[in-house]
Structure formats: structure tokens, C-alpha cells
Amino acid sequence: MLGDSDQGEVVRAKFHFAVPSDVPPDTPLVILGSMSEGGIVVKTFRYPLRPDERNKLEAIQTVPPGDLEVEAR
């Protein structure tokens, strides 16, 4: 958590993953996901990956207070 705002809590989300070796280097990749609380989706996201950083992503999100479950693909 980075702090609070009028819209909720500001958090830093970090994703680290492996890109299969059969994916060509020039293929655009995107992370799609959602954040949910108690089974209810409170936020969705879509982040394109930079060609020079295809195995990690860092993003800042504002989310409602509480414990969230993150799902990303």
C-alpha cells in the first residue's frame, strides 16, 4: 500500500511471469485481470507489456479498502 486517496487505497501491483519460448519476440502481449472482494469484481485492468520488459509489470492502482483477490492472465 502506498497511501490513501479520496477514491480508496493506492497500491502498487507487481506481476512477474514467464513467457513461453514459442512466443515470437515481436508478438504484442497484454495482461488482463480483475480485483475482487468476496467474489465481487471491484476493478478490472488491461496492461500492454513493453517489448523490452515482457516478463514483468508494475502498476499503481486505486482500490477500495479491504482484502482483495487478484486474478491476472
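- No donor-acceptor pair under 3.5 Å is formed between the side chain of K43 and the backbone N or O of Q61.
- Two residues are said to be in side-chain contact when any heavy atoms from C-beta on lie closer than 4.5 Å; I31 and F45 meet this criterion.
- Heavy-atom contacts from other residues, nucleotides or ligands closer than 6.0 Å to CG of D67 number 12 or fewer.
- The distance from atom CZ of R73 to atom OG of S34, rounded to the nearest 0.5 Å, is 9.0 Å.
- Rounded to the nearest 0.5 Å, atoms CZ (R54) and CG (L29) are 4.0 Å apart.
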Side chain to side chain contact (heavy atoms under 4.5 Å, CB included) between V63 and V42, intermediate numbers included: CA-CA 8 Å; V63 297; V42 295; 5.7 Å; no
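- Put simply, CG on L2 and OG1 on T62 are 9.0 Å apart, with the number rounded to the nearest 0.5 Å.
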Sequence neighbours left out, cut at 3.5 Å: what donor-acceptor pairs do the side chains of residues 7-28 make with other protein atoms?
{"unit_1": "Q7", "atom_1": "OE1", "unit_2": "S5", "atom_2": "OG", "d": "3.4"}
{"unit_1": "R12", "atom_1": "NH1", "unit_2": "E58", "atom_2": "OE2", "d": "2.9"}
{"unit_1": "T27", "atom_1": "OG1", "unit_2": "P24", "atom_2": "O", "d": "3.1"}

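- Atoms CD and OG, on E69 and S36 in that order, are 4.5 Å from each other to the nearest 0.5 Å.
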